[in-house]
S.K.: 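Dropping the structure in here first, questions after.
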Amino acid sequence: MTTRQAYRSRVKIPASYRTDDGSEYETSVVDISEHGCRLRDGIATVRPGAGLSISIGTMAPISAEVRWLYRSFCGVAFTRPLHSALVEHLQHAHARGALPSDEIPAR
């Protein structure tokens with residue numbers, strides 16, 4: 001098991017992603033850090049190791065790789081970390097409370 005690089009804040013941000021074959025899907029970001037995020041719903045088409053381009057809110061698409069899947073969630077690592085000021089803005093603008101224990105993947 002790999003240890004997470006940074007704490008992720010719980011958020012709810014509309015997002016979409018495009019797979020390598022060009023298909024586009026709607027999803028939502030439920031937590032985020034400089035190094036990655038967790039997506040919920042709309043993830044049935046992805047597999048660990050798959051590359052994708054993700055648009056979070058109104059941001060331009062960024063490259064990422066799917067790291068894990070669990071129920072209706074997937075963990076994504078950004079190819080290049082996001083700037084800390086951007087992550088802080090997203091965390092404050094879209095903040096949510098703590099995840100219920102049944103929504104936390106056992107990793």
Side-chain angles (χ1 to χ4, degrees):
M1 176 170 51
T2 307
T3 304
R4 181 166 289 147
Q5 293 182 13
Y7 171 77
R8 289 188 182 176
S9 293
R10 186 167 187 220
V11 294
K12 184 174 184 182
I13 309 171
S16 63
Y17 67 90
R18 185 176 303 245
T19 58
D20 289 338
D21 70 3
S23 300
E24 191 165 334
Y25 302 91
E26 298 296 317
T27 188
S28 58
V29 173
V30 296
D31 70 25
I32 192 165
S33 75
E34 293 172 20
H35 300 279
C37 66
R38 182 180 352 182
L39 305 178
R40 180 171 190 174
D41 300 323
I43 57 142
T45 61
V46 298
R47 298 288 173 255
L52 52 85
S53 175
I54 182 169
S55 296
I56 300 170
T58 58
M59 289 174 40
I62 55 175
S63 296
E65 179 183 318
V66 177
R67 293 298 179 101
W68 55 265
L69 293 170
Y70 179 78
R71 296 187 184 173
S72 62
F73 297 97
C74 79
V76 174
F78 303 134
T79 304
R80 283 189 258 165
L82 300 179
H83 191 279
S84 59
L86 173 60
V87 174
E88 187 174 316
H89 168 74
L90 292 170
Q91 290 168 340
H92 286 96
H94 301 282
R96 296 186 64 189
L99 282 174
S101 61
D102 66 335
E103 291 188 12
I104 299 173
R107 306 247 346 123

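All residue numbers refer to positions in the sequence shown, counting from 1. Given the structure is predicted, the values throughout are model-derived calculations rather than measurements.
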S.K.: Would you say the side chain of Met59 lies within less than 4.5 Å of the side chain of Leu82, judging by non-hydrogen atoms?
M.R.: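 Counting from C-beta outward, Leu82 and Met59 do come under 4.5 Å.
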S.K.: Do Ile32 and Ile56 touch side chain to side chain, with heavy atoms closer than 4.5 Å?
M.R.: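 Yes, their side chains come closer than 4.5 Å.
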S.K.: Taking all non-hydrogen atoms of both residues, which atom of Ile13 and which atom of Gly57 are closest, and how far apart?
M.R.: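 The pair with the smallest heavy-atom distance is CG2-N, 3.6 Å.
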S.K.: Looking only at heavy atoms, which two atoms of Ser55 and Ala60 are closest? And how far apart?
M.R.: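 In this case the closest contact between Ser55 and Ala60 is OG-C, 4.4 Å.
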S.K.: Taking C-beta and beyond as the side chain, do Ile54 and Leu39 meet within less than 4.5 Å on heavy atoms?
M.R.: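 The answer is yes; the side chains approach within 4.5 Å.
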S.K.: Between Thr27 and Arg40 (side chain of the first, backbone of the second, donor and acceptor by atom type, cut-off under 3.5 Å), is there such a pair?
M.R.: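 Yes, because the side chain of Thr27 sits within donor-acceptor range (under 3.5 Å) of the backbone of Arg40.
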S.K.: Does the pair Phe73 and Asp31 meet the rule for a side-chain contact (heavy atoms from CB on, under 4.5 Å), with working shown?
M.R.: CA-CA 11 Å; Phe73 297 97; Asp31 70 25; over 6 Å; no
S.K.: Looking at every heavy atom in both Leu69 and Pro48, which two are closest together, and how far apart are they?
M.R.: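 Nearest heavy atoms, Leu69 then Pro48: CD1-CD, 3.8 Å.
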S.K.: What distance separates Ser84 OG from His89 NE2, expressed to the nearest 0.5 Å?
M.R.: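 The OG atom of Ser84 sits 13.5 Å away from the NE2 atom of His89.
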S.K.: With the side chain counted from C-beta on, respond yes when Tyr17 and Val76 share a heavy-atom pair under 4.5 Å apart, and no when they do not.
M.R.: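 Of all side-chain heavy-atom pairs linking Val76 with Tyr17, none is under 4.5 Å.
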S.K.: Distance check, rounded to the nearest 0.5 Å: Gln91 atom CD versus Arg10 atom CZ?
M.R.: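 That separation rounds to 14.0 Å.
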S.K.: Step by step, would you call Glu24 with Arg18 a side-chain contact (heavy atoms from CB on, under 4.5 Å)?
M.R.: CA-CA 4 Å; Glu24 191 165 334; Arg18 185 176 303 245; 2.5 Å; yes
S.K.: Shortest non-hydrogen contact from Arg71 to Ile43?
M.R.: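 Looks like O-CD1, 4.1 Å.
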S.K.: How close do Cys74 and Val66 get, counting heavy atoms only, and between which atoms?
M.R.: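 Shortest heavy-atom separation between Cys74 and Val66 comes out as CB-CG1, 4.5 Å.
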S.K.: Quick one: do Phe78 and Ser33 satisfy side-chain contact (heavy atoms from CB on, under 4.5 Å)? Show the steps, please.
M.R.: CA-CA 10 Å; Phe78 303 134; Ser33 75; 5.8 Å; no
S.K.: Calculate, to the nearest 0.5 Å, the distance between atoms SG and CG belonging to Cys37 and Leu90 respectively.
M.R.: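 Cys37 atom SG to Leu90 atom CG measures 10.0 Å (nearest 0.5 Å).
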